[in-house]
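Comments concern the structure below.
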Amino acid sequence: MNNTGLKNDQIIALVDCNNFYVSCERVFNPRLHGIPVAVLSNNDGCIVSRSNEIKALNIPMGAPGFKYEALINQNGGELLSSNYALYGDLSSRVMDVLSKFSPDLEIYSIDEAFLGLTGMRTQNWEEWGHWLKRAVYRYTGIPVSIGISRTKTLAKIANHHAKKIAAYRGALCILDEHRIDEALKRIKTADVWGIGRQYEKFLKQNKIETALQLRNADDKFIKHYLTMVGYKTVLELRGYACIDIEEAPRAKKSIVSSRSFGKQVSDLQELEEAISSYVTLSAEKLRDQKSVAGHMMVFLSTNRFKEGPQYNNSISTSLFPPTAYTPELILQALELLRELWLPDFEYKKAGVMLSNIIAEEDVPLSFLEANYLDDKRGELMRAIDKLNRLHGRDTVKYASSGIAQKWQMKQARLSPSYTTRWKDIPKVK
DNA sequence: TCTGGGGTCCTAGGACCC
DNA sequence: TCTGGGGTCCTAGGACCC
């Protein structure tokens, strides 16, 4: 809740990249324009980004790729592996452009940002939105949609319409009551930010189907059944800002690294390699935000879509003193894994979660155990992180992560890393 | 053959204490 | 006969987000 909790004169824009991963692929591969294109999740599993042509074929979000491969091919389309190096890089370019338009920028996800516009002067916000949209496209090649209103939740709704209704040409501003009512009337509760499938179902049973009906719902009823979180959503629909723009990203309270394997894995040693890679990744993220973890969990599971004996289990340990020293974390994780592992199962996925995360400087003093940051171990981590940042991930890696890595995920349809790897830079002939 | 990965917040209920 | 009531901390599970 912000300080006032009162109806406000804020102006907030939500900028959302259209079909982001597909749009990234199209920036460097013009052949993909105008044909159905979908991008798959890790391990070439589910469809996580769809071009409009894919949506027109009624292929749902999250569907397993293999089920729709034939249909996509028949329509001259393409299925691609996800290329996060590319998307991450294009995302920062988009955010960079946005930061020139307002100092008040919250990067909400890889393809979305809120812009605080309060205090800016313009006669026509929609015109301003179209101008911003053109600028982002010109500098990055990424098409975006822009919604402008009084609260984040309302800006999301404006954005939704801007994207869906062609006449708005990608930007919509809803500030006066009449326009807000019109926008809310035309949106289902499930399309409201904060209302998911369960709440939609529940609300429908109670004759609340549109955002407008939700906004007008009884306070007590909402608080009781949708908790305070849902109540804040309703207040936001009424124009009371409850969710502030956060310019600085908050430190993570938990960090998970997990992957499905490219094949079934039974062998303990292969699992050890995987776990050790995941720990390495998690610890890097931990040090990136200048934190240490006080708790670690390792988990392991079989393929839930396959017949046969299932095993799905986890085991955890406390870390004292809390640490981000990779070798120590690997040691502990492997110990946990050996306890967790049972022979004769075909494993499909494993992972590591670090939690009880605190800032480096908040590590309690201990007479028994020195803080890793204060001795050679800290120096080592800083040196390795620097090398990997400079020369690419895994320039320096741990022997326990293995060389062969036969369990690695499948990425059969990966596009080149046009912007982040020298040898993949497109050549102009 | 082939079904992702990474987060947050809130609440209820149990354990424990006085 | 009569079986309190409040506080805190922790965890598991459920809702949501991208």
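In what follows, chains are A, B, ... by sequence order, proteins preceding strands, each numbered from 1.
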DNA chain B: A:S260 or A:K410, which has the more 5' nearest nucleotide? A:K410

In whole Å, what separates the C1' atom of C:dC18 from that of B:dC2? 25 Å

Under the salt bridge (Lys or Arg N to Asp or Glu O under 4.0 Å) rule, what pairs show up with a residue in residues 51-75 of chain A, not counting sequence neighbours? A:R26-A:E53, A:E69-A:R413

Sequence neighbours excluded, which residues qualify as side-chain hydrogen bond (donor to acceptor under 3.5 Å, both in side chains) partners of A:S41? none

Decide if the gap between the ring center of A:F202 and the ring center of A:Y225 is smaller than 6.0 angstrom. yes

Taking atom C1' of B:dG4 as reference, at what distance in whole Å does atom CZ of A:F261 sit? 14 Å

What I want to find out is whether A:E272 reaches A:R338 closely enough, with some N-O distance under 4.0 Å, to be called a salt bridge. yes

Contacts of A:S23 that satisfy side-chain hydrogen bond (donor to acceptor under 3.5 Å, both in side chains) - sequence neighbours left out: none

Give each stem of DNA chain B as a range with a range, requiring at least 3 consecutive Watson-Crick or G-U wobble pairs whose two distances are under 3.5 Å. B:5-18 with C:5-18

Listed nucleotide nearest any side-chain atom of A:S109, set C:dC18, B:dC2, B:dG5: C:dC18

Apply the salt bridge (Lys or Arg N to Asp or Glu O under 4.0 Å) test between A:D16 and each candidate in A:K163, A:K164, A:K156; give the one that qualifies. A:K163

Rounded to the nearest angstrom, tell me the gap between atom CE in A:M409 and atom P in B:dC2. 18 Å

Can you sort out the partners of A:R138 under side-chain hydrogen bond (donor to acceptor under 3.5 Å, both in side chains), two or more places apart, ordered by chain and number? none

Using 4.0 Å as the upper bound for N to carboxylate O, is an ion pair formed by A:E182 and A:R186? yes

Does B:dG6 have its OP1 or OP2 closer than 4.0 Å to a side-chain nitrogen or oxygen of A:S258? yes

A:I255 near the nucleic acid: base, sugar-phosphate alone, or nothing, with a heavy-atom cut-off under 4.0 Å? sugar-phosphate

Which comes earlier along DNA chain B counting from the 5' end, the contact point of A:K223 or that of A:K252, where each point is its nearest nucleotide? A:K252

Around atom OH of A:Y398, are there more than 12 heavy atoms of other residues, nucleotides or ligands at under 6.0 Å? yes

Identify whether any heavy atom of A:D111 sits under 4.0 Å from a base atom; if not, whether one sits that close to sugar-phosphate; answer base, sugar-phosphate or nothing. sugar-phosphate

Using atom CG of A:N303 as one end and atom P of B:dC2 as the other, report the distance to the nearest whole Å. 7 Å

Protein proximity profile, nucleotides 9-17 of chain C - base contact B, sugar-phosphate-only contact S, no contact -, cut-off 4.0 Å on heavy atoms: ------SSS

Any side-chain heavy atom of A:M296 within less than 4.5 Å of one from A:V352? yes

Is A:K223 positioned over the aromatic face of A:Y231, cation under 6.0 angstrom from the ring centre and no more than 45 degrees off axis? yes

Tell me, please, which residues at least two apart from A:Y68 pass ring-ring contact (aromatic ring centres under 6.0 Å, His included). none

I'd like to know whether the aromatic ring centres of A:Y108 and A:W193 sit less than 6.0 Å apart in this structure. yes

Those residues of residues 57-68 of chain A lying under 4.0 Å from DNA chain B by at least one heavy atom: A:P64, A:F66

Distance below 4.0 Å between A:R259 side-chain N/O and B:dG6 OP1 or OP2: yes

Rounded to whole Å, how long is the line connecting atom CD of A:Q264 with atom P of B:dT1? 13 Å

List for me each residue that meets side-chain contact (heavy atoms from CB on, under 4.5 Å) alongside A:D267, sequence neighbours excluded, and say none if there are none. A:Q269, A:E270

Under the side-chain hydrogen bond (donor to acceptor under 3.5 Å, both in side chains) test, which residues partner A:R93, sequence neighbours left out? A:D89

Ion pair A:R250/A:E246, N-O distance below 4.0 Å: yes

Salt bridge check, A:D181 against A:R215: does any charged N sit closer than 4.0 Å to a carboxylate O? yes

Interface with DNA chain B, restricted to residues 341-358 of chain A and to heavy atoms under 4.0 Å: A:K348, A:K349

With a 4.0 Å cut-off on heavy atoms, is A:N42 in touch with a base, just the backbone sugar-phosphate, or nothing at all? sugar-phosphate

Does anything in residues 77-106 of chain A come within less than 4.0 Å of DNA chain C? Heavy atoms only, and list the residues if so. none

